[in-house]
Amino acid sequence: EGDYASSRSGSGYIRIASYLTSSFNTREYIEVRLTEPLEIGEYYCVEYYCKPYSAYGIAIDGMGAFFTEDFAEGDDFGVYELQDDGSVVKTITAKAQIISPVIHDDTLNYTKVSGNFIADKAYNYVTIGNFVNDNKLETRNVLNPLPDWGGGASYAIDDVAVWKCSVAIDEKELINTPKVYTTANGLHVKYIKTSIIIDIYNIQGSLVAQKSFENDQFWDLSDLPAG
């Protein structure tokens, strides 16, 4: 682990497996109790730093933070479904408040995962990891060729911080408005408080896709033609 054997600060870090090509939706998470519950209606900033382990060969987006009132366990992160061929597939269902749309692929330096949200519950715990299903992930190889076993994404995590942000009332209202983050194959739609409809038009001005949103989610647009 020589490419990130040192912490970003202090004397230690944690490494987790966040994606494996050989096993669908395999995840490891870090969970910790907050020093005090979050206050409902208050605006919080969240950040931590991560660095991919180059020997795993792949970097991903989707790193985030998931806040819960109680200690989160298996069913809080996803469900297992029996397939027709007898196999069992896990689907990640946790609605992380913070999800990074950035592929964190710097194997030499820690890079920041950050975001903000308004607490709708008195959350006591935060869980760090990847909260996007494999079929929605954006990936980038950081090793060529990949390992014989197929590779994956493993990250060192350090300097996790959650704090109450000082913002004015009008800024809080701005945060409460829907935000759309683009990726190569779709849109991350966040901060949905009431139902909205998003239309997508091609360069000729024709409507090519329309979707209504009741809550935060990823809209997969990979099937749409270019233009």
Side-chain angles (χ1 to χ4, degrees), residues 18-19 24-25 27 29-31 34 37-48 60-81 89-104 113-138 162 164-165 167 169-201 207-224:
S18 296
Y19 167 66
F24 187 75
N25 277 351
R27 301 287 186 272
Y29 293 108
I30 307 163
E31 184 170 4
L34 301 171
L38 300 190
E39 297 179 32
I40 296 174
E42 291 297 325
Y43 175 45
Y44 287 90
C45 292
V46 184
E47 72 176 30
Y48 63 87
I60 60 173
D61 67 351
M63 299 300 290
F66 176 44
F67 289 82
T68 54
E69 293 179 283
D70 301 315
F71 185 83
E73 300 185 78
D75 291 346
D76 298 307
F77 298 112
V79 297
Y80 291 87
E81 299 175 324
V89 173
K90 178 183 178 182
T91 299
I92 298 170
T93 57
K95 303 298 184 183
Q97 290 83 354
I98 307 298
I99 293 183
S100 174
V102 176
I103 298 177
H104 294 271
V113 176
S114 64
N116 48 66
F117 73 106
I118 294 177
D120 59 345
K121 296 180 180 179
Y123 296 118
N124 290 295
Y125 294 87
V126 60
T127 300
I128 301 299
N130 170 22
F131 295 95
V132 177
N133 286 281
D134 283 1
N135 58 346
K136 305 294 185 182
L137 274 180
E138 300 249 359
V162 180
K164 188 187 298 184
C165 303
V167 295
I169 297 299
D170 58 343
E171 289 177 305
K172 285 189 178 183
E173 293 301 320
L174 179 62
I175 293 160
N176 270 323
T177 60
K179 290 184 173 63
V180 178
Y181 300 91
T182 60
T183 69
N185 59 5
L187 304 175
H188 285 285
V189 183
K190 300 185 64 177
Y191 306 117
I192 304 301
K193 302 301 180 183
T194 60
S195 178
I196 65 170
I197 296 176
I198 295 179
D199 297 331
I200 295 182
Y201 295 84
L207 180 67
V208 294
Q210 183 182 78
K211 185 177 178 66
S212 62
F213 295 83
E214 302 288 341
N215 48 47
D216 297 3
Q217 60 181 283
F218 178 80
W219 187 8
D220 185 1
L221 299 171
S222 57
D223 293 336
L224 287 183

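To the nearest 0.5 Å, atom CD1 of residue Ile98 and atom CG of residue Asn116 are 6.0 Å apart. To the nearest 0.5 Å, atom NZ of residue Lys136 and atom CD1 of residue Ile92 are 12.5 Å apart. Note that CD of Gln97 and CG of Asp120 are 7.0 Å apart. Values are rounded to the nearest 0.5 Å. In this structure, CD1 in Ile198 is found 4.5 Å from CZ in Phe213, a value given to the nearest 0.5 Å. Atom CG of Leu207 sits about 5.0 Å away from atom OH of Tyr201, to the nearest 0.5 Å.
With hydrogens and angles ignored, the 3.5 Å screen pairs no side-chain donor or acceptor of Asn124 with any backbone N or O of Phe71. For Tyr125 (side chain) and Phe66 (main-chain N/O), no donor-acceptor pair under 3.5 Å exists by modelled atom type. Under the 3.5 Å distance criterion, the side-chain polar atoms of Asn133 are left unmatched by any main-chain donor or acceptor of Asn135. Under a 3.5 Å cut-off, the side chain of Glu31 and the backbone N or O of Ala72 do form a donor-acceptor pair. A donor-acceptor contact shorter than 3.5 Å is absent between the side chain of Asp61 and the backbone of Val102.
Scanning both residues, Gly62 and Val132, for their nearest heavy atoms gives CA-CG2, 3.6 Å.
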Using ring-ring contact (aromatic ring centres under 6.0 Å, His included), reason through Phe67 and Phe117 one step at a time and then give a plain yes or no. CA-CA 11 Å; Phe67 289 82; Phe117 73 106; 4.9 Å; yes
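Between Asp134 and Arg27, at least one side-chain nitrogen of the basic residue sits less than 4.0 Å from a carboxylate oxygen of the acidic one, meeting the salt-bridge criterion.
Tested against Phe131 for a ring pair (Phe, Tyr, Trp, His ring centres under 6.0 Å), the candidates Phe218, Tyr19, Tyr29 yield a single pass: Tyr29.
The number of heavy-atom neighbours closer than 6.0 Å to CG of Asp199, taken from other residues, nucleotides and ligands shown, is above 12.
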